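Take a look at the structure set out below.
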Amino acid sequence: MSEPFDLLVIGGGINGVGIARDAAGRGLHVLLCERGDLAEHTSSASTKLIHGGLRYLEHYEFRLVREALAERERLMRLAPHIIWPLRFVLPHDAGLRPAWMLRIGLFLYDHLARLKALPRSDALRLTREGVGAPLQSRLTRGFAYSDCWVEDSRLVVLNAVDAAERGAQIRTRTAVESARREAGGWTVTLHDAATRRRESVRARIVVNAAGPWVGETLQRTLSVEARPKVRLVKGSHIVVRRLYEGDQAYILQQPDRRIVFAIPYERDFTLIGTTDVAHEGGPGPVRISQEETRYLCACINRSFARSIGPDDVVWSFSGLRPLYDDAAANASAVTRDYVLDLDTHGPPVLSVFGGKITTYRRLAEHALERLRPHLSGLKPGWTGQAPLPGGDMQDADFDRFAERFAAEHPVLPNATARRLARAYGTRAERLLGDARALSDLGETFGGDLSAREVDYLVRHEWARTPDDILWRRSKLGLRTGRTDVARLGRYLATASAAPSAQRP
């Protein structure tokens with residue numbers, strides 16, 4: 001058996017890859033195992049926001065909001081290609097939260113942010129502002145404030161890429177079948193779904209970041225009694241053809257006191273969500289229900305001049321949020337804060353309950369600090385100043401970078417150049433390599449997805465299936481037909497013998 005890993009991380013969602021990256025950068029010998037694809041479940045089913053969580057103020061979660069706002073500012077600098085500012089319009093809806101309450105909430109939101117990279121909130125006369133045009137005429141007053149958009153599944157993948165480049169082993173389609181405590185560490189049995197091989201590895205510490213499966217992993221795989229409990233809440237989103245012009249998003253109050261976002265999406269679409277539905281079954285893939293679809297359509301129809309129905313939905317996605325169970329009666333009121341549970345009745349296992357994508361980096365720092373007594377010579381934290389792969393652009397100025405990239409590659413259509421710059425940042429140059437003409441990029445699979453890009457994703461980002469590429473590494477599935485998907489599947493089958501990405 002090979003030399004023990006310092007850390008075995010179970011789970012390839014945002015928390016797992018964030019911890020693996022932080023640990024690898026501190027000099028630890030790290031193995032991360034994900035039984036499916038990176039970001040296959042919860043971490044690709046978010047509302048795609050890096051935000052403080054304005055509505056969390058109603059539940060007095062000031063520490064969480066302050067931490068999240070600080071991370072919002074930091075992540076904008078570290079990943080300007082996949083994270084960018086977004087202005088939100090909050091209409092005042094008579095009979096719901098009064099205007100004074102909204103104003104106070106936004107005042108607190110502005111002042112809990114220590115850094116001021118984004119503009120502060122403003123009061124709006126919607127009848128005089130262009131952003132009021134898509135809304136019903138009864139909505140005459142409102143507010144505007146700023147948060148950020150994130151390409152959530154790419155955030156996960158880029159953390160994994162950086163972890164691998166710093167020495168971590170990232171193994172997708174690899175399940176942790178069993179683990180037992182022995183003197184000096186854990187003996188773990190892994191099953192690789194691609195090769196159908198089993199192997200045993202040793203690890204000094206296990207980190208259980210299995211998301212919705214965190215409790216099941218603790219009890220069934222690690223044979224440890226779960227002390228905190230996980231509460232599964234389903235969140236669903238719908239995507240429709242673009243509802244309005246402009247780059248602004250809308251945050252809409254509902255009579256049930258929930259809020260629903262309408263957000264510009266992939267140039268030609270609008271993303272609407274999310275629901276909060278208590279999930280009574282076990283962890284696993286979930287789908288939007290007809291009731292949720294009708295609910296989200298009704299939310300839009302309460303505020304927008306243009307009505308939509310279920311037939312307007314071009315795509316939907318759902319995920320289970322593994323929230324820490326704080327016994328709140330309403331699913332929407334369950335805390336989005338995280339709990340780190342450390343069991344030291346033998347070799348340590350640290351389990352992650354809850355959390356939100358915005359605070360994943362701080363969660364990883366806290367996780368390593370909790371484990372410091374069990375990790376001699378642990379180096380200091382470092383991730384707060386280190387750009388993610390592709391984010392190392394001058395002054396974190398994406399627009400300047402994108403203009404230069406397009407100018408240096410005039411063979412690319414403008415939309416393609418900007419998409420590649422957004423997805424890969426400075427690493428788009430690596431993807432293009434020596435290509436000097438569009439034909440150098442090889443076969444295309446609908447839209448502007450080229451064989452050169454597919455090869456890059458297979459070799460450097462652990463992509464194996466059409467869904468990995470079309471729905472997680474990108475959202476090109478919105479522009480790809482069945483014939484193209486089938487051709488992409490056949491092309492990937494020829495690449496299946498290629499070695500797994502380990503150190504991109």
Side-chain angles (χ1 to χ4, degrees), residues 9-14 16-17 20-21 31-45 151-165 168-177 190-199 209-211 213 284-285 317 319 389-390 420 423-424 427 430-431 441-504:
V9 181
I10 303 173
I14 189 60
V17 296
R21 175 187 183 233
L31 169 64
L32 180 143
C33 293
E34 163 57 51
R35 65 180 177 184
D37 183 30
L38 298 171
E40 185 169 344
H41 298 287
T42 305
S43 294
S44 60
E151 299 287 358
D152 53 6
S153 50
R154 289 213 58 76
L155 182 66
V156 174
V157 170
L158 294 181
N159 270 272
V161 168
D162 202 32
E165 291 181 347
Q169 290 189 34
I170 308 295
R171 306 217 7 211
T172 61
R173 272 83 185 189
T174 301
V176 175
E177 283 197 333
L190 308 179
H191 179 247
D192 186 318
T195 64
R196 300 183 180 179
R197 293 177 181 170
R198 287 179 172 79
E199 65 176 299
W213 291 269
F317 60 91
L420 294 177
Y424 305 101
R427 298 201 171 191
R430 299 188 190 185
L431 186 155
L441 300 179
E443 182 180 2
T444 58
F445 304 95
D448 61 356
L449 177 65
S450 68
R452 178 72 63 94
E453 185 173 1
V454 171
D455 292 345
Y456 179 90
L457 292 171
V458 169
R459 292 171 184 162
H460 299 290
E461 294 194 4
W462 300 275
R464 296 291 176 267
T465 71
D467 275 0
D468 294 352
I469 291 171
L470 298 175
W471 295 111
R472 286 184 283 279
R473 306 308 183 277
S474 74
K475 292 298 180 286
L476 292 172
L478 288 166
R479 307 177 188 279
T480 307
R482 291 183 180 179
T483 301
D484 294 316
V485 174
R487 284 196 302 112
L488 176 58
R490 290 192 293 271
Y491 183 86
L492 287 168
T494 67
S496 62
S500 298
Q502 284 298 332
R503 297 193 180 185

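Numbers here are sequence positions counted from 1. Being a predicted model, the structure only gives us computed values, none of them experimental.
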Is a side-chain donor or acceptor of [X] paired with a backbone partner of [Y] at a separation under 3.5 angstrom?
{"X": "Thr494", "Y": "Leu492", "answer": "no"}
{"X": "Ser43", "Y": "Gly13", "answer": "no"}
{"X": "Ser44", "Y": "Ala39", "answer": "yes"}

Are [X] and [Y] side-chain neighbours, meaning at least one heavy-atom pair lies under 4.5 Å?
{"X": "Ser153", "Y": "Arg473", "value": "no"}
{"X": "Gln169", "Y": "Arg171", "value": "yes"}
{"X": "Ser474", "Y": "Leu449", "value": "no"}
{"X": "Leu457", "Y": "Asp468", "value": "no"}
{"X": "Leu476", "Y": "Asp448", "value": "yes"}
{"X": "Val17", "Y": "Leu32", "value": "yes"}
{"X": "Leu190", "Y": "Val176", "value": "yes"}
{"X": "Tyr424", "Y": "Glu453", "value": "yes"}

How many angstroms lie between [atom1] in [X] and [atom2] in [Y], if you round to the nearest 0.5 Å?
{"X": "Asn159", "Y": "Arg21", "atom1": "CG", "atom2": "CZ", "value": "5.0 Å"}
{"X": "Arg472", "Y": "Leu470", "atom1": "CZ", "atom2": "CG", "value": "10.0 Å"}
{"X": "Glu199", "Y": "Glu177", "atom1": "CD", "atom2": "CD", "value": "11.0 Å"}
{"X": "Leu488", "Y": "Thr483", "atom1": "CG", "atom2": "OG1", "value": "12.5 Å"}
{"X": "Lys475", "Y": "Ile469", "atom1": "NZ", "atom2": "CD1", "value": "13.0 Å"}
{"X": "Glu165", "Y": "His460", "atom1": "CD", "atom2": "NE2", "value": "9.5 Å"}

Start with the C-alpha distance between Thr174 and Arg35, add both sets of side-chain angles, then the distance that settles side chain to side chain contact (heavy atoms under 4.5 Å, CB included), and finish with yes or no. CA-CA 4 Å; Thr174 301; Arg35 65 180 177 184; over 6 Å; no
List the atom of [X], the atom of [Y], and the distance in Å for their closest heavy-atom pair.
{"X": "Ile170", "Y": "Ala163", "answer": "CD1-CB, 4.3 Å"}
{"X": "Phe445", "Y": "Thr480", "answer": "O-CG2, 3.7 Å"}
{"X": "Arg452", "Y": "Leu431", "answer": "CG-O, 3.2 Å"}
{"X": "Arg427", "Y": "Tyr456", "answer": "CB-OH, 3.9 Å"}
{"X": "Val161", "Y": "Pro389", "answer": "CG1-CG, 4.0 Å"}

Listed partners of Arg154 passing side-chain hydrogen bond (donor to acceptor under 3.5 Å, both in side chains), at least two apart: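 Applying side-chain hydrogen bond (donor to acceptor under 3.5 Å, both in side chains) to Arg154 gives Glu461.
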Sequence neighbours left out, what passes side-chain hydrogen bond (donor to acceptor under 3.5 Å, both in side chains) with Asp484? Give chain and number order. Arg487
Salt-bridge criterion met for Arg464 and Glu34 (N-O under 4.0 Å): no
For Tyr491 and Asp455, what are the C-alpha separation, side-chain angles and deciding distance, and is it a side chain to side chain contact (heavy atoms under 4.5 Å, CB included)? CA-CA 10 Å; Tyr491 183 86; Asp455 292 345; 2.7 Å; yes
